[in-house]
Amino acid sequence: MVYGVNNEILKQDVLNICTSYIVLLIGKVLYDIIFLDPPFRTGLLEKAVELINDSIAPDGCLVYIEHEKENALKLPEKYHLLKSGNAGQVTYSLYEINSGSNS
């Protein structure tokens, strides 16, 4: 617990730092697999999914995601579910990105 600091401001600062770091990577690195397991109930998962695009995650890239079981995950159509399961309060899923442009 952080004392003397507004937790909402702290969360926004962390979000801004993470977003800036990811933006710096865009266009510089292509990934074969991406793991997304941000702290729950922060909105970071949705922001991370928005930042994953063709310049870092080409067709065939795998994306492993963990999120709260009670929250439905909304993903772009190019995410195709390969496997999914639950462990306690967590849903874990493995997706393959396929935009269909090379079919």
Side-chain angles (χ1 to χ4, degrees):
M1 174 110 192
V2 177
Y3 295 98
V5 176
N6 182 320
N7 282 336
E8 287 306 312
I9 293 172
L10 184 61
K11 286 179 190 177
Q12 190 59 46
D13 287 343
V14 170
L15 177 60
N16 290 339
I17 290 167
C18 292
T19 301
S20 298
Y21 179 73
I22 292 170
V23 168
L24 286 174
L25 293 176
I26 292 175
K28 296 182 180 180
V29 179
L30 288 176
Y31 294 94
D32 295 322
I33 187 165
I34 297 171
F35 294 88
L36 298 177
D37 182 16
F40 291 168
R41 297 170 193 85
T42 60
L44 289 173
L45 180 59
E46 292 79 6
K47 295 280 186 189
V49 169
E50 289 174 16
L51 292 171
I52 294 175
N53 59 42
D54 297 336
S55 65
I56 64 169
D59 280 357
C61 178
L62 299 176
V63 180
Y64 174 84
I65 299 175
E66 289 188 4
H67 64 92
E68 310 94 324
K69 188 190 301 187
E70 71 270 10
N71 291 337
L73 187 59
K74 295 179 183 174
L75 297 171
E77 288 184 21
K78 66 182 182 178
Y79 283 71
H80 299 279
L81 182 64
L82 299 176
K83 290 188 174 200
S84 184
N86 295 302
Q89 298 177 355
V90 177
T91 294
Y92 53 90
S93 305
L94 181 63
Y95 295 89
E96 181 177 21
I97 292 181
N98 186 343
S99 63
S101 61
N102 58 0
S103 309

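Nothing fancy with the numbering, it's 1 onward along the sequence.
- No donor-acceptor pair closer than 3.5 Å links the side chain of His80 to the backbone N or O of Ile97.
- Under a cut-off of 6.0 angstrom, the local environment of CG in Asn86 is crowded, with over 12 non-hydrogen atoms contributed by other residues, nucleotides or ligands.
- Residues Glu96 and Gly60 approach most closely at OE2-CA, 3.5 Å, considering heavy atoms.
- The distance from the NZ atom of Lys47 to the CG atom of Leu36 is 14.5 Å, given to the nearest 0.5 Å.
- Ile34 contributes atom CD1, which lies 4.0 Å from atom SG of Cys61 (distance to the nearest 0.5 angstrom).
- With hydrophobic clusters built from ILVMFWY side chains whose heavy atoms lie under 4.5 angstrom apart, Leu81 shares a cluster with Val63.
- The two residues Glu66 and Phe40 make their nearest non-hydrogen contact at O-CE2, 3.9 Å.
- Under the rule for a side-chain contact (heavy atoms from CB on, under 4.5 Å), the partners of Leu75 that lie at least two apart in sequence or sit in another chain are Val49, Ile65, Leu73, Tyr79, Tyr95.
- Here the straight-line distance linking atom CG of Leu94 with atom CZ of Phe35 works out to 8.5 Å at 0.5 Å rounding.
- With rounding to the nearest 0.5 Å, the separation of NZ in Lys74 from CG in Leu45 is 13.0 Å.
- Checked against side-chain hydrogen bond (donor to acceptor under 3.5 Å, both in side chains), Tyr92 has no partners two or more places apart in sequence or in another chain.
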Item to check | Test log, rule salt bridge (Lys or Arg N to Asp or Glu O under 4.0 Å), inputs Glu70 and Arg41 | outcome: CA-CA 11 Å; Glu70 71 270 10; Arg41 297 170 193 85; 2.6 Å; yes
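- Side-chain N or O atoms of Asp59 include one that pairs as donor or acceptor with a backbone N or O of Ser99 at under 3.5 Å.
- Side chain of Lys69 to main chain of Gly88: a donor-acceptor pair is present (N/O by atom type, distance under 3.5 Å, no hydrogens or angles).
- Environment of CD in Glu77: sparse, with no more than 12 heavy atoms of neighbouring residues, nucleotides or ligands closer than 6.0 Å.
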